[in-house]
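To start, the structure under review is shown below, and the notes come after it.
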Amino acid sequence: MELSKHYEPAGTESKWYAHWLANHYFNSFPDGRPPFTVVIPPPNVTGVLHMGHTLNETVQDILVRRARMKGFNACWVPGSDHASIATEARVVAMLKEKGIDKNSISREKFLEYAFEWKEKYGTIIYDQIARLGCSVDWNRTTFTMDEHYYKAVIKVFVELFKKKMIYRGARMIHWDPAARTALSDEEVEYREVEGTLYYIRYQVEDSPEFITIATQRPETIMGDTAVCVHPDDPKYIHLLGKRIIVPLIHRSVPLITDEYIDMSFGTGALKVTPAHDINDYNLGLKHSLAVIDTLNEDGTLSQAAEIFIGMDRFEARKKVVEKLREAGLLLKEEPYSTRLGFSQRSHAVVEPRISTQWFVKMKPLAVPALDAVLSGNIRIHPAEKFLATYKYWLENVKDWCISRQLWWGQRIPAWYDAKGNFVVAENESLALEAYQDHYGLLAVHDELTQDEDVLDTWFSSWLWPIEVFRGITNPGNADLRYYYPASVLVTGQDIIFFWVARMIMAGLEFQHQIPFPDVYFTGMVRDKQGRKMSKSLGNSPDLLQLIDKYGADAVRFGIMIAAPAGNDLLFDEAGLEQGRNFNNKLWNALKLVRIWGSRLDQSGNKISEQDPGIFAMEWFDNRFSQAKTEVDRLFGEFKISEALKSLYSLFWDDFCSWYLEWVKPGFEQLMNPRIYDKTISFFEDLLLWLHPFTPFVTEEIYHLLRERKPGDDLCMKQLVTEISYNQSVLDVGEKLRLFLTVGREFRQQQQLKNSEAIISLIIPKEIFGEGKSLYEVIRKQLNCTKIEFKDGSYTNEPGIQVVPFHSYQIGFESPKKRDDSKIKEELEKELAYFQGFLESLNKKLSNERFVQNAKPDVIDLERKKKSDTEEKIAAILRTLKA
RNA sequence: GGGAGCAUAGCUCAGCUGGUUCAGAGCAUCUGCCUUACAAGCAGAGGGUCCGCGGUUCGAACCCGUGUGCUCCCACCA
């Protein structure tokens with residue numbers, strides 16, 4: 001079969017994904033293996049996957065596929081979130097287009113439309129997850145408004161209410177006038193905005209004097225119920241006890257004093273509007289001020305405002321300013337930059353508002369959740385970035401406003417009578433029972449009506465790791481016992497409070513167990529100029545288009561290679577290109593070995609043990625083992641992009657550029673079968689390690705390498721890290737070791753003079769054997785060194801301990817290009833390098849203070865990793881010998 | 001206002017317990033190659049006061065102090 005010039009992902013990807021699904025590889029059932037559980041952070045059902053999701057999903061799939069190949073029973077639960085405000089807004093907009101006003105239809109009808117909408121658009125994200133190659137168990141797909149899930153949320157609400165951890169009360173909350181609902185503190189985003197500070201003159205009652213206040217919000221003056229100054233402010237001391245007239249509406253309000261006032265800000269006088277500012281509200285409570293709410297829930301002015309009734313708040317601001325100017329009460333306006341709160345969901349400017357809402361008491365939940373992290377039961381990665389943030393939030397947590405004035409969501413299970421008495425119960429009949437137990441028989445002509453509000457989306461999301469396994473509705477079931485807690489949570493750092501902290505609370509509260517031992521935070525995906533991805537900037541690429549252009553593997557590669565844990569990622573298509581090129585490199589390596597496979601040496605001649613190919617295999621075997629250990633370590637530290645870089649270089653540089661070039665048969669020569677077989681198994685093993693990162697291309701190549709049949713699939717193969725190296729080869733891996741032994745204690749022990757030390761040098765025997773000159777160099781440079789000879793196996797020359805080093809061979813250039821004059825040059829360079837090295841060593845030893853003070857006694861200058869230098873020397877020497 | 005993190009090549013970042021892996025990688029750039037797996041490639045090259053200043057040390061990209069500049073989180077002075 002003729003293979004194409006380039007790797008072509010399109011057909012391959014759909015073929016293999018369908019194949020994997022058909023074989024149920026991703027469906028998990030409890031069995032005897034250890035589980036590896038991941039629950040997807042459910043994307044909003046309204047949405048499409050953006051690059052942030054792509055990163056998260058890729059990381060999760062890498063972990064899940066790797067775990068599956070490591071022998072775990074991997075279970076990745078997909079799903080989506082009903083996202084109450086965002087979705088409701090979309091449905092309302094959709095209805096509006098159809099000419100339907102939400103307020104004109106019933107709740108039931110609206111929900112019908114909403115579910116219809118969800119059925120239609122809610123699967124887009126699932127298609128995208130599939131295109132990306134995610135190995136999720138589709139049978140376990142969960143939606144936060146599924147019937148069981150709905151029940152779970154209600155059950156938890158009732159339970160917490162019974163524990164007195166949920167209460168209803170009037171508080172100042174953040175109000176979203178566009179969505180007409182309360183918001184939690186976390187749902188408000190602050191942004192710097194250029195505003196205007198207005199200086200307004202308030203007349204002092206029964207006096208010609210004026211007092212000037214500064215405000216950004218002149219439209220709220222109709223809600224003023226006091227003016228406040230600092231008690232020690234000399235500017236106003238003569239006015240204490242007077243009353244002040246609020247302009248335009250001519251209301252008389254007291255002049256109060258409070259230490260809270262900053263005398264230096266503005267004029268030092270503050271208008272107090274308890275209904276529309278949190279600080280004013282607190283002042284109002286302290287000084288028992290009246291509260292006049294001058295806004296309706298949609299942000300228009302209410303009856304209480306007396307003027308401009310029904311006008312939008314921003315329109316009213318202009319009008320009020322105009323009126324004040326006309327009346328000569330506007331002293332000045334100055335530009336002022338301030339931070340305004342915006343609704344995370346509707347992007348409207350939020351309004352502080354007093355209203356009756358439901359709250360969760362957070363303190364009792366926060367204490368164990370904090371402890372779980374501080375004690376190390378839950379590890380946050382990267383810790384240095386998020387641990388302090390997590391701690392601070394939990395230590396200062398405020399009660400959680402969970403009611404939303406919406407229809408799309410779990411309806412609050414509270415029932416009220418006509419007088420406002422209420423009970424909380426899981427359904428209406430239970431509510432009636434509870435009511436009668438509590439309040440006696442329901443009055444004739446009265447009936448219980450359910451609370452109109454629904455619960456915050458996060459009040460359902462926090463149950464996710466439990467309820468995806470029916471842990472709330474069916475406690476203690478087999479799935480839950482097997483899969484809970486999840487193995488790791490991978491999510492964006494932006495929802496650490498919304499979701500992560502609350503899941504930990506819920507896990508501990510309802511399941512009495514942490515929901516996951518590790519949390520891996522991915523950073524924000526930005527464009528390559530560092531800007532946030534947003535629709536308005538047009539810098540948010542379409543995932544499916546990217547997959548069409550580069551292939552899913554390349555997208556995964558490109559986003560992963562650039563994503564250090566917890567760091568923001570600057571998205572650049574160049575990374576995807578690199579991924580595509582890498583996939584192509586794999587493809588071309590396949591083409592090469594297939595050519596070899598068709599030109600095998602069938603003569604049965606045994607290969608010489610001195611054949612360069614033998615050394616090459618030994619070398620690569622060892623190199624690969626090193627890399628495996630390295631990759632395992634990196635995964636352990638959640639340094640996934642590092643792991644990918646490591647494998648990338650292993651394949652491209654070590655396997656393709658070095659190994660394959662070295663074993664490549666000469667022109668018109670046949671391939672040795674033994675080397676060929678080993679090469680194929682190296683290649684397969686490489687594919688195994690790369691598969692979690694780029695599943696499609698590796699699966700395809702795996703099958704083409706040995707003409708495997710479908711069913712013998714890479715994604716279900718075992719990925720094993722050898723624990724022990726071949727010892728003789730291990731020495732090769734260690735390359736050059738040098739021990740410099742100094743220090744007072746040791747010297748005394750060894751009866752050495754101050755100027756003496758012991759050097760142990762372990763170098764390749766080729767260097768020693770061939771290059772007497774090098775040995776001379778060493779001796780000359782280290783003339784202060786006492787002879788200490790322990791091994792004796794190789795030389796009688798004292799002073800330096802030389803241990804025979806296993807020989808190995810390495811190609812440093814493709815054989816046909818070998819140029820002996822160049823090699824000699826190289827060799828001289830390397831010798832010079834050694835000389836310089838030894839010189840610096842000698843300098844150290846002649847430094848009396850170094851020898852005196854150096855601690856610890858043994859300084860190990862071990863070179864830990866492969867160094868081209870030694871490899872090249874060995875290769876050079878071998879070549880020269882030959 | 002409080003807290004956290006970061007500053008290393010043009011860009012994105014590695015660099016562990018201070019010492020030859022010590023100044024690295026990938027991308028980008030430049031030069032030369034359509035060489036029989038791969039131009040989505042190969043061979044090579046250039047490029048850095050490791051943010052400034054001080055300190056500790058025999059020795060600092062690394063530890064301490066300080067200044068500067070970025071980023072994020074929290075709190076929200078009208």
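Values below: every heavy atom of this structure, side chains too, minus hydrogens, waters and symmetry copies. Numbers restart at 1 for each chain; the letters A, B, ... are given by sequence-line order, proteins then strands.
Checked against A:Trp587 for a ring pair (Phe, Tyr, Trp, His ring centres under 6.0 Å), the options A:Tyr7, A:Phe582, A:Phe696, A:Phe683 give a single hit: A:Tyr7. Partner of A:Tyr550 under the side chain to side chain donor-acceptor pair (under 3.5 Å) criterion, chosen from A:Arg556, A:Gln578, A:Glu573: A:Glu573.
The aromatic rings of A:Tyr190 and A:His174 stand perpendicular to each other, their planes meeting at an angle above 60°, with 30° marking the opposite boundary.
One atom, CG of A:Asn588, and another, C1' of B:C42, lie 13 Å apart when rounded to the nearest Å. Rounding to whole angstrom units, NZ of residue A:Lys5 and P of B:U36 are separated by 10 Å. The CG-P distance, from A:Leu387 to B:G3, rounds to 17 Å in whole Å. Rounded to an integer number of Å, the gap from CG of A:Leu569 to P of B:U12 is 12 Å. The nearest whole Å value for the distance from the CG atom in A:Leu586 to the P atom in B:G41 is 12 Å. Protein atom CD1 of A:Ile561 is 13 Å distant from nucleotide atom P of B:A14, rounded to whole Å. One atom, NZ of A:Lys664, and another, P of B:C42, lie 11 Å apart when rounded to the nearest Å. What separates CG of A:Leu592 from P of B:A40 is a distance of 19 Å, to the nearest Å.
Aromatic ring centres of A:Phe651 and A:Tyr659: separated by at least 6.0 Å. For an aromatic pair to be called close, the ring centres must be under 6.0 Å apart, and A:Tyr648 with A:Phe557 satisfies this.
No engagement by A:Lys391 is indicated, since no non-hydrogen atom pair under 4.0 Å with the nucleic acid exists. Residue contacts shown for A:Trp596 are absent, as no nucleic acid heavy atom lies under 4.0 Å away. In this structure, A:Ala589 reaches the bases: a heavy-atom distance under 4.0 Å links it to at least one base atom across the strands shown. Within 4.0 Å (heavy atoms only), A:Lys585 reaches at least one base atom of the nucleic acid.
Judged by distance alone, the side chain of A:Thr215 and the main-chain N or O of A:Arg217 form a donor-acceptor pair under 3.5 Å. No donor-acceptor pair closer than 3.5 Å links the side chain of A:Thr338 to the backbone N or O of A:Val193. The backbone N or O of A:Pro218 lies less than 3.5 Å from no partner atom in the side chain of A:Lys271, so there is not a single donor-acceptor pair.
B:C13 and B:G24 make up a base pair, with Watson-Crick or G-U wobble contacts both under 3.5 Å. Across the strands present, B:G41 finds its partner in B:C33; the criterion is a Watson-Crick or G-U wobble pair with both atom distances under 3.5 angstrom. Both distances falling under 3.5 Å, in either a Watson-Crick or a G-U wobble arrangement, occur for no nucleotide opposite B:A78. Both distances falling under 3.5 Å, in either a Watson-Crick or a G-U wobble arrangement, place B:A4 opposite B:U71. Using Watson-Crick or G-U wobble geometry with both donor-acceptor distances under 3.5 Å, B:C63 finds its partner in B:G55.
Applying the 4.0 Å criterion to OP1 and OP2 of B:A40, one finds that A:Lys591 has every side-chain N and O outside that range. Close to B:A14, at under 4.0 Å from its OP1 or OP2, lies no side-chain N or O of A:Lys645.
B:C34 and B:A43: their C1' atoms are spaced 14 Å apart (whole Å). Comparing B:C77 with B:C16, their C1' atoms are spaced 47 Å from each other, to the whole Å. With P as the reference atom, B:G26 and B:U56 are 39 Å apart, rounded to whole Å. When the P atom is used for both B:G67 and B:A4, the distance is 15 Å, rounded to whole Å. Here, B:C6 and B:U49 have their P atoms 23 Å apart, quoted to the whole Å. Nucleotides B:G19 and B:C62 place their C1' atoms 11 Å apart, quoted to the nearest Å. A distance of about 43 Å separates the C1' atoms of B:U71 and B:G32, rounded to the whole Å. Atom C1' of B:C51 sits at a distance of 11 Å from the matching atom of B:C70, rounded to the whole Å.
In this structure, A:Arg633 and A:Phe386 both approach RNA chain B, and ranking their closest nucleotides by distance from the 5' end singles out A:Phe386. Positionally, the nearest nucleotide of RNA chain B for A:Tyr648 lies more toward the 5' end than for the other of A:Tyr648 and A:Cys656.
Under a cut-off of 6.0 angstrom, the local environment of NZ in A:Lys235 is crowded, with over 12 non-hydrogen atoms contributed by other residues, nucleotides or ligands.
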Notebook entry, point to check: With the sugar-phosphate defined as primed atoms, P, OP1 and OP2, and the base as all remaining atoms, what B/S/- string results for nucleotides 70-78 of chain B, 5' to 3', for protein heavy atoms under 4.0 Å?
Noted result: --SSSBBBB
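Closest to the A:Lys639 side chain, of the nucleotides B:G15, B:A4, B:A14, is B:G15.
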